[in-house]
Asks: 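Just dropping this structure here.
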Amino acid sequence: MSAHQKSVVFIGGGPGGYESALVAAHLGADVTLIDRDGVGGAAVLTDCVPSKALIATADFLSRFESAGRLGVGFEGTEDDQHAEANVTQVNSRIMELAAAQSRDIQAQLETVGVRVVRGTGRISGPNEVTAELLDGGTRTFSADTILVATGTSPRVLDTAQPDGERILTWQQIYDLEELPEHLIVVGSGVTGAELAHAYLGLGCQVTLVSSRERVLPGEDADAATVIENVFRRRGMNVLNRSRAKAARRDGDGVVVTLEDGREVRGSHALFAVGSIPRTKDIGLEEAGVELSPSGHIVVDRVSRTSAQGIYAAGDCTGVLPLASVAAMQGRIAVAHALGDAVAPLNLRGVCANIFTDPEIATVGYSQTDVEEGRVEARVVTLPLSTNPRAKMRNIRDGFVKLFVRPGSSTVIGGVVVAPQASELIYPIGIAVQNRLTVDQLSGTFSVYPSMTGSIAEAARRMHSLEV
Ligand SMILES: Cc1cc2nc3c(=O)[nH]c(=O)nc-3n(C[C@H](O)[C@H](O)[C@H](O)COP(=O)(O)OP(=O)(O)OC[C@H]3O[C@@H](n4cnc5c(N)ncnc54)[C@H](O)[C@@H]3O)c2cc1C
């Protein structure tokens with residue numbers, strides 16, 4: 001290391017760590033990345049990538065269901081023939097895909113000169129990190145800058161201990177050798193809703209236990225209502241206002257007990273009841289890093305913690321649990337620490353997606369922000385049923401919603417509920433990020449016929465509201 005070369009040590013190799021380790025290496029720092037469970041983190045190995053790959057299989061299978069409405073039949077099939085998922089093959093494809101992505105990231109890191117260390121890291125003194133190595137022994141690294149990106153773990157209820165066979169966390173489902181006959185999904189947030197959707201699409205009976213009025217609390221209410229209606233129409237048993245208290249095995253099945261005493265019986269139970277930050281016993285308190293009451297690391301908009309030279313990024317900060325946000329927080333931290341140009345984190349431009357069918361994609365201000373007075377906005381909602389491409393594709397559910405600032409007519413937020421809404425939200429994201437007006441949005445050509453035509457049309461309707 002040259003006299004002026006700064007050393008940066010990353011604890012955690014998920015998107016919060018590895019993305020910014022690459023940036024630090026490009027900026028000429030001496031970089032060490034310590035990771036315990038595998039580079040890519042939970043995002044690549046157990047959470048984001050595997051769940052999306054599972055959903056891709058489920059969505060493919062679901063397309064057969066609607067083939068008839070497009071005039072497609074299966075020639076020569078008998079009545080009881082149907083498309084079916086082979087869960088062992090599905091799971092091994094997913095795990096291979098995740099492992100390959102992890103290897104790619106590791107290779108990328110090593111190519112740019114990042115020292116990748118497999119082990120558990122902890123802050124062991126001022127400007128010092130010690131790794132307990134996976135293959136035995138310890139190694140200590142000095143660091144001008146430390147970035148903590150240790151992520152979270154699934155929250156587990158004392159009364160519903162996962163056994164990896166019948167009572168599961170979302171990280172254990174890829175070990176199943178058979179599809180659950182009847183899966184009870186506890187928790188109707190994003191993870192619960194996505195996985196309930198996946199297993200329904202794979203042909204399982206699914207009961208979704210939701211403690212709230214409707215599924216996906218915290219999301220756009222109109223969008224959540226569409227999803228709940230689709231879930232029910234496809235045969236999912238959705239139990240609203242039903243809080244799970246405990247789960248136990250019962251022979252070849254499970255029993256989930258609700259707080260009001262009801263019991264729900266199924267073959268498997270999957271708990272998706274939140275996450276807890278991995279911030280214990282890694283020397284944070286000793287180093288003077290402030291934690292919130294929930295145990296998350298408190299950071300500012302350039303990812304600084306309360307301790308000099310220590311930054312944090314990703315889910316362990318509790319800012320917004322998305323891989324894209326984790327990576328951005330990490331990149332900002334590195335830029336700040338190494339003296340590169342830096343813009344503080346701006347969450348208003350974050351595009352997020354829920355991978356149900358239809359998907360829900362959002363950006364910027366929300367309906368709740370408008371209703372609770374955080375921002376003044378005009379709202380237009382356009383159902384997809386009027387979109388010619390949607391009709392051709394037999395898409396019946398979904399809408400485009402725009403939030404527009406009165407006066408300036410700039411687009412400040414949007415919701416798209418549609419198949420592959422994740423691909424459709426980008427033009428609205430560009431409009432929000434760059435403060436485009438509805439006229440600029442609607443004046444941009446869209447393909448005819450296309451789903452994006454509804455975004456341009458919604459913007460056009462806003463123009464008529466303004467004049
Ligand atoms: C089921 C599910 C689906 C999701 N889908 C999406 C999605 O579609 N899109 C999206 O943007 N986000 C998604 N997310 C969220 C996304 O996975 C997280 O936001 C992302 O993983 C956060 O990255 P991170 O780097 O903070 O942590 P992680 O990805 O959890 O990585 C943390 C890493 O730190 C390591 N580590 C922990 N402690 C130590 C230690 N002491 N020493 C060394 N290493 C340590 C771990 O081994 C791990 O590799 C999903 C989450 C879940 C649960």
Side-chain angles (χ1 to χ4, degrees), residues 9-21 32-56 94 98 101-102 105-106 116-124 129-134 141 146-155 168-174 185 187 189-198 270-284 296-297 299 303 312-331 333 350-356 359-361 422:
V9 176
F10 293 80
I11 308 179
Y18 79 79
E19 290 263 0
S20 41
T32 303
L33 183 143
I34 304 166
D35 188 85
R36 191 182 53 206
D37 301 328
V39 173
V44 168
L45 293 168
T46 53
D47 294 1
C48 178
V49 170
S51 66
K52 260 76 275 182
L54 184 73
I55 288 166
I94 291 171
Q101 202 168 328
S102 175
I105 297 167
Q106 171 127 2
V116 180
V117 177
R118 286 299 302 280
T120 303
R122 77 184 298 279
I123 301 170
S124 44
V129 176
T130 298
E132 218 169 284
L133 305 176
L134 219 60
F141 302 90
I146 297 169
L147 190 138
V148 182
T150 46
T152 56
S153 307
R155 188 165 79 90
L168 306 159
T169 69
W170 64 76
Q171 300 188 330
Q172 296 171 325
I173 54 181
Y174 307 101
V185 178
V190 177
T191 299
E194 287 189 345
L195 292 173
H197 152 69
L270 164 58
F271 278 76
V273 290
S275 301
I276 49 164
R278 286 188 284 229
T279 51
K280 272 201 189 142
D281 305 325
I282 54 172
L284 291 169
H296 291 96
I297 301 173
V299 286
S303 312
D315 286 9
C316 65
T317 66
V319 169
L320 189 58
L322 286 175
S324 54
V325 173
M328 184 64 82
Q329 284 181 290
R331 284 191 289 260
V350 176
C351 290
N353 193 63
I354 302 170
F355 290 80
T356 43
E359 296 178 357
I360 302 175
S422 47

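Residues: numbered from 1 along the sequence shown. Just so you know, these numbers come straight off a predicted model, no measurement behind them. One-based numbering, in listed order, for ligands and for the atoms of each.
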Asks: Does an N or O anywhere in Leu322 fall below 3.5 Å from an N or O of ligand 1?
Replies: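 The answer is yes, given that Leu322 and ligand 1 share an N or O pair closer than 3.5 Å.
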Asks: In Å and rounded to the nearest 0.5 Å, what is the OG to CE distance from Ser20 to Met328?
Replies: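 Answer rounded to 0.5 Å: 11.5 Å.
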Asks: Does this structure show an ion pair linking Lys52 with Glu194, if we count only N-O contacts that are shorter than 4.0 Å?
Replies: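 So Lys52 pairs with Glu194 through a salt bridge.
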Asks: If hydrogens are left out, which of Asp47, Val49, Leu45, Ile34 has an atom nearest to atom 2 (C) of ligand 1, that is, the closest non-hydrogen atom?
Replies: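 It is Asp47 that holds the nearest heavy atom.
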Asks: Give the residue and atom name of whichever protein heavy atom lies nearest to atom 44 (N) of ligand 1, and the separation in Å to one decimal.
Replies: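 Nearest protein contact, heavy atoms only, for atom 44 (N) of ligand 1 is Arg36 N, 3.2 Å.
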Asks: From Thr169 OG1 over to Leu270 CG, what is the distance, rounded to the nearest 0.5 angstrom?
Replies: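 Separation between the atoms: 7.5 Å.
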Asks: Counting from 1, what ligand 1 atoms have a heavy atom of Ile282 closer than 4.0 Å?
Replies: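 Close to Ile282: 41 (N).
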Asks: Does some non-hydrogen atom of Tyr18 fall short of 4.0 Å from ligand 1?
Replies: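 Contact check Tyr18 vs ligand 1: negative.
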Asks: At what distance is the nearest protein heavy atom to atom 41 (N) of ligand 1, and which residue and atom is it?
Replies: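 Result: Gly121 O, 3.1 Å.
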Asks: Taking all atoms of both residues into account, what is the closest heavy-atom pair of Arg155 and Val273, and its distance?
Replies: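 For Arg155 and Val273, the tightest heavy-atom pair comes out as NE-O, 2.8 Å.
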Asks: Polar-atom distance check: Leu195 versus ligand 1, any N or O pair below 3.5 Å?
Replies: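 No, since none of the N or O atoms of Leu195 sits under 3.5 Å from an N or O of ligand 1.
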Asks: Please report the shortest heavy-atom distance between Ala198 and Ile55, naming the atom on each side.
Replies: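 Heavy atoms only, the tightest pair is CB-CG1, 3.8 Å.
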Asks: Can you name the closest pair of heavy atoms from Leu322 and Ala352 and give their distance?
Replies: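 Answer, listing the atom of Leu322 first, then Ala352: CD1-CB, 3.9 Å.
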Asks: Under 4.0 Å from any heavy atom of Gly38, which atoms of ligand 1 are there?
Replies: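 Result: 49 (O).
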Asks: Find the distance between CG (Leu33) and CD1 (Ile105) and round it off to the nearest 0.5 Å.
Replies: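 Going from the CG atom of Leu33 to the CD1 atom of Ile105 covers 10.5 Å.
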Asks: Are any of the N/O atoms in Ala326 less than 3.5 Å from those in ligand 1?
Replies: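 No, there is no polar N/O contact under 3.5 Å.
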Asks: With atoms numbered from 1 as shown, which atoms in ligand 1 lie under 4.0 angstrom from a non-hydrogen atom of Ser51?
Replies: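 Ligand 1 atoms under the 4.0 Å threshold to Ser51: 3 (C).
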Asks: What protein heavy atom sits nearest atom 27 (O) of ligand 1, and how far away is it?
Replies: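 Here the nearest protein heavy atom works out to Gly151 CA, 3.4 Å.
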Asks: Is there a nitrogen or oxygen of Gly40 sitting under 3.5 Å from a nitrogen or oxygen of ligand 1?
Replies: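 N/O-N/O distance under 3.5 Å: no.
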Asks: Would the distance check show the side chain of Ser51 and the main-chain N or O of Asp47 forming a donor-acceptor pair, the cut-off being under 3.5 Å?
Replies: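 Here the side-chain-to-backbone pair exists.
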Asks: Output the list of atoms in ligand 1 that are nearer than 4.0 Å to some heavy atom of Phe355, sorted by atom number.
Replies: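 Contacts of ligand 1 toward Phe355, numbered from 1: 8 (O).
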Asks: Roughly how far apart are Ile282 CD1 and Ile297 CD1, rounded to 0.5 Å?
Replies: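 Taking CD1 in Ile282 and CD1 in Ile297, the distance rounds to 5.5 Å.
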Asks: So is Arg278 polar-close to ligand 1, meaning N/O to N/O under 3.5 Å?
Replies: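 Such a contact does occur with ligand 1.
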Asks: Would you mind checking which non-hydrogen protein atom is closest to atom 21 (O) of ligand 1, with the distance to 0.1 Å?
Replies: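 Protein heavy atom with the smallest distance to atom 21 (O) of ligand 1: Ala43 CB, 3.2 Å.
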Asks: Within this structure, what is the CD1-OG1 distance for the pair Ile34 and Thr150, rounded to the nearest 0.5 Å?
Replies: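 Those atoms lie 12.0 Å apart.
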Asks: Starting from atom 16 (C) of ligand 1, find the nearest protein heavy-atom neighbour and note its residue, name and distance.
Replies: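 Residue, atom and distance for the closest contact: Ala323 N, 3.9 Å.
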Asks: State, to 0.1 Å, how close Trp170 and Ser275 come at their nearest heavy-atom pair, and which atoms those are.
Replies: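 Of all heavy-atom pairs spanning Trp170 and Ser275, the closest is CH2-OG, 3.6 Å.
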Asks: Please state whether Gly119 comes within less than 4.0 angstrom of ligand 1, counting heavy atoms only.
Replies: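 Flag set, Gly119 near ligand 1.
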Asks: Evaluate the side-chain contact (heavy atoms from CB on, under 4.5 Å) criterion for residues Ile11 and Ile123: first the C-alpha distance (whole Å), next the side-chain angles of each, then the deciding distance (0.1 Å), finally the verdict.
Replies: CA-CA 9 Å; Ile11 308 179; Ile123 301 170; 4.1 Å; yes
Asks: With backbone taken as N, CA, C and O and side chain as the heavy atoms from C-beta onward, which portion of Asp315 lies under 4.0 Å from ligand 1: side chain, backbone, both, or neither?
Replies: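 Answer for Asp315: both.
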Asks: Tell me, which protein residue and heavy-atom name are nearest atom 9 (N) of ligand 1, and how many Å apart are they?
Replies: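 Scanning the protein heavy atoms, the shortest distance from atom 9 (N) of ligand 1 goes to Cys48 SG, 3.5 Å.
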Asks: Taking atom types as modelled and ignoring hydrogens, do the side chains of Glu359 and Ser422 form a donor-acceptor contact shorter than 3.5 angstrom?
Replies: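 The criterion, which ignores hydrogens and geometry beyond distance, is satisfied for Ser422 and Glu359.
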Asks: What is the nearest protein non-hydrogen atom to atom 15 (C) of ligand 1, stated with its residue, atom name and distance?
Replies: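 Atom 15 (C) of ligand 1 sits closest to the protein heavy atom Pro321 O, 3.5 Å.
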Asks: Indicate the atoms forming the closest heavy-atom contact of Val148 with Cys316, along with that distance.
Replies: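 Answer, listing the atom of Val148 first, then Cys316: O-SG, 3.7 Å.
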Asks: Which residue from Cys316, Gly12, Ala149 reaches closest to atom 32 (C) of ligand 1 through any of its heavy atoms?
Replies: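 Heavy atom nearest to atom 32 (C) of ligand 1 belongs to Ala149.
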Asks: Using every non-hydrogen atom in the two residues, find where Thr356 and His197 come nearest and quote the distance to one decimal.
Replies: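 Heavy atoms of Thr356 and His197 come nearest at CA-CD2, 3.6 Å.
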Asks: Counting heavy atoms only, name the option from Gly14, Pro15, Gly314 that's nearest to atom 23 (O) of ligand 1.
Replies: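 It is Pro15 whose heavy atom sits nearest to atom 23 (O) of ligand 1.
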Asks: Below a 4.0 angstrom heavy-atom separation, can you tell me which part of Thr191, side chain or backbone, both or neither, approaches ligand 1?
Replies: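 It is the side chain that gets close, since no backbone atom is under 4.0 Å.
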Asks: What I want to know is whether Gly16 and ligand 1 share at least one N or O pair that is separated by under 3.5 angstrom.
Replies: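 Indeed, backbone or side chain, Gly16 has an N or O that close.
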Asks: Is there at least one pair of N or O atoms, one from Trp170 and one from ligand 1, spaced under 3.5 Å apart?
Replies: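 By distance alone, the answer is no.
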Asks: When you measure from atom 28 (P) of ligand 1 to every protein heavy atom, which one gives the shortest distance, and what is it?
Replies: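 Here the nearest protein heavy atom works out to Ala42 N, 3.6 Å.
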Asks: Short list, please: which atoms of ligand 1 are under 4.0 Å from a heavy atom of Gly13?
Replies: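 So the atoms of ligand 1 that pass are 33 (C), 34 (O).
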Asks: What distance separates Leu45 CG from Tyr174 OH, expressed to the nearest 0.5 Å?
Replies: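 Result: 11.5 Å between the selected atoms.
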Asks: Between Val117 and Leu133, does a side-chain contact (heavy atoms from CB on, under 4.5 Å) hold up when you go through it step by step?
Replies: CA-CA 8 Å; Val117 177; Leu133 305 176; 3.4 Å; yes
Asks: Relative to the heavy atoms of Lys52, which atoms of ligand 1 are at a distance of less than 4.0 Å?
Replies: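 The list of qualifying atoms is 3 (C), 4 (C), 5 (N), 6 (C), 7 (C), 8 (O).
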Asks: Going by the closest heavy atom to atom 49 (O) of ligand 1, which one wins out of Thr150, Val129, Val190, Asp35?
Replies: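 Comparing heavy atoms across Thr150, Val129, Val190, Asp35, the nearest one to atom 49 (O) of ligand 1 lies in Asp35.
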